[in-house]
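Step one of this worksheet: look at the structure below.
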Amino acid sequence: MAQTTARLLDGQSVAAAIRESVLPEVHAFSARTGRPPGLGIVLVGDDPASEIYVRNKVRAGTESGLRVDLNRLPASASLDELLALVARLNASPVHDGILVQAPLPSAMGRGASQRVFDTIDPIKDVDGFHPVNVGKLVQGRAHLVACTPSGVIEMLQRSDIPIAGSRAVVIGRSEIVGKPMAMLLLQRDATVTICHSKTPDLAKTAAAADILVAAIGRAGFVTAEFVKPGATVIDVGINRVTDRAVADRLFPPGAARLADFDRRGSIVVGDVHPGVSDVAGALTPVPGGVGPLTIAMLLKNTVTAAQAAHP
Ligand code: NAD
């Protein structure tokens with residue numbers, strides 16, 4: 001039987017469309033209030049991946065006409081110093097949104113992230129992690145929703161993939177991706193199953209899905225046996241592979257990604273094995289799938305927060 005290849009869902013173009021839709025709203029807000037919507041980003045320490053994410057967020061925000069200020073703290077900063085900075089941004093009249101880049105240095109201690117989420121003013125919580133915003137999401141009246149899962153919904157809707165009446169399986173139950181993802185799918189009338197590290201028969205459960213979302217953090221974990229033929233597979237994972245043997249298990253000899261690996265010494269891959277494209281009906285690539293949507297939704301949330309604070 002001839003193999004089919006999944007339709008690639010292009011996150012760059014969907015993200016560009018979202019960012020374009022944000023532009024007139026930025027201009028209207030600026031004209032009405034005399035200043036652009038403002039985003040305060042906090043970066044603690046010098047984690048190289050976080051540096052890249054933050055740089056991309058600053059650039060995307062600035063290109064869209066937002067005011068974006070990057071506030072840095074050294075890795076040695078205390079949690080109290082971080083909370084004081086968040087409090088200053090809460091009080092700032094020019095910042096409508098606040099984002100504290102994860103992960104925080106482990107020296108800040110367990111529970112530090114939650115303390116930070118709890119401290120951000122819910123109306124400026126463009127990451128959607130404050131308990132008030134999480135609670136509103138559960139009740140179906142969310143205003144600011146976590147950027148990655150809301151980006152996935154935009155991707156599905158703009159790609160004409162039906163959610164209502166579908167069976168959706170989300171692998172991963174984190175506060176920032178898995179749980180809000182499941183809630184958003186449920187609110188759009190999918191029948192949702194949430195899987196995690198203790199789920200029995202994971203592949204079999206996943207293979208019932210019309211929409212399968214992988215948010216695990218393990219390179220190439222979701223193989224073809226997890227996927228119902230024709231299903232839509234959303235790969236949220238961002239995993240840096242530095243072991244050539246792992247790359248060899250993901251890509252066939254001669255693949256361009258292996259050449260990339262040899263050039264750079266590492267590659268970024270998703271949670272979904274590339275072989276899934278022979279089974280799935282549609283698939284998000286990594287990179288270039290969900291990642292750009294996360295940033296686009298951050299810009300959108302910042303404008304939403306600004307508008308809500310200045311009706
Ligand atoms: P996390 O570590 O907080 O959560 C991982 C989840 O996967 C957990 O709920 C765990 O139960 C589940 N899991 C782990 N091993 C499993 C296994 N063997 N079987 C089944 N479930 C298992 O991670 P996260 O913050 O939700 O991120 C997940 C992935 O998504 C990471 O690769 C992260 O880098 C990526 N991510 C991407 C974006 C983006 O913009 N594309 C945004 C956030 C996170």
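Every heavy atom of this structure was used, including side-chain atoms; hydrogens, water molecules and symmetry mates were not.
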- Exceeds 12 heavy-atom contacts within 6.0 angstrom, atom CD of Glu20: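 Not more than 12 within 6.0 Å, no.
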
- Message: Please check if the number of heavy atoms outside Arg188 that lie under 6.0 Å from its CZ is greater than 12.
- Response: yes

- Task: Could you tell me whether Arg35 and Asp96 have a side-chain N and a carboxylate O separated by less than 4.0 Å?
- Result: yes

- Task: Run the ring-centre check on Phe29 versus His310 and record whether the distance is less than 6.0 Å.
- Result: yes

Are the side chain of [X] and the backbone N or O of [Y] linked by a donor-acceptor pair below 3.5 Å?
{"X": "Asp271", "Y": "Gly217", "result": "yes"}
{"X": "Asp127", "Y": "Phe129", "result": "no"}
{"X": "Ser64", "Y": "Ala60", "result": "yes"}
{"X": "Lys124", "Y": "Ile98", "result": "no"}

- Item | Contacts of Arg19 that satisfy salt bridge (Lys or Arg N to Asp or Glu O under 4.0 Å) - sequence neighbours left out | Glu63

- Which residues satisfy the salt bridge (Lys or Arg N to Asp or Glu O under 4.0 Å) test with Arg264, sequence neighbours excluded?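 For Arg264 there are no salt bridge (Lys or Arg N to Asp or Glu O under 4.0 Å) partners, ignoring immediate neighbours.
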
- Item | With sequence neighbours excluded, residues passing side-chain hydrogen bond (donor to acceptor under 3.5 Å, both in side chains) with Arg249 |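 If we apply the side-chain hydrogen bond (donor to acceptor under 3.5 Å, both in side chains) test to Arg249, skipping adjacent residues, there are no hits.
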
- Pairs in or reaching into residues 33-76: which pass ring-ring contact (aromatic ring centres under 6.0 Å, His included), with residues at least two apart or in two chains?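 Non-adjacent pairs meeting ring-ring contact (aromatic ring centres under 6.0 Å, His included): zero.
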
- Hey, could you give me each pair passing salt bridge (charged side-chain N to carboxylate O under 4.0 Å, His left out) that has a residue in residues 250-261? Not counting sequence neighbours. Arg257-Asp260, Asp260-Arg263

- Query: What side chain to side chain donor-acceptor pair (under 3.5 Å) pairs are there with at least one residue in residues 36-48, not counting sequence neighbours?
  - Reply: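 The answer is Asp47-Ser50.
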
- Ile120 and His130: which non-hydrogen atoms are nearest, and at how many Å?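 In terms of heavy atoms, the two residues are closest at O-CD2, 3.1 Å.
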
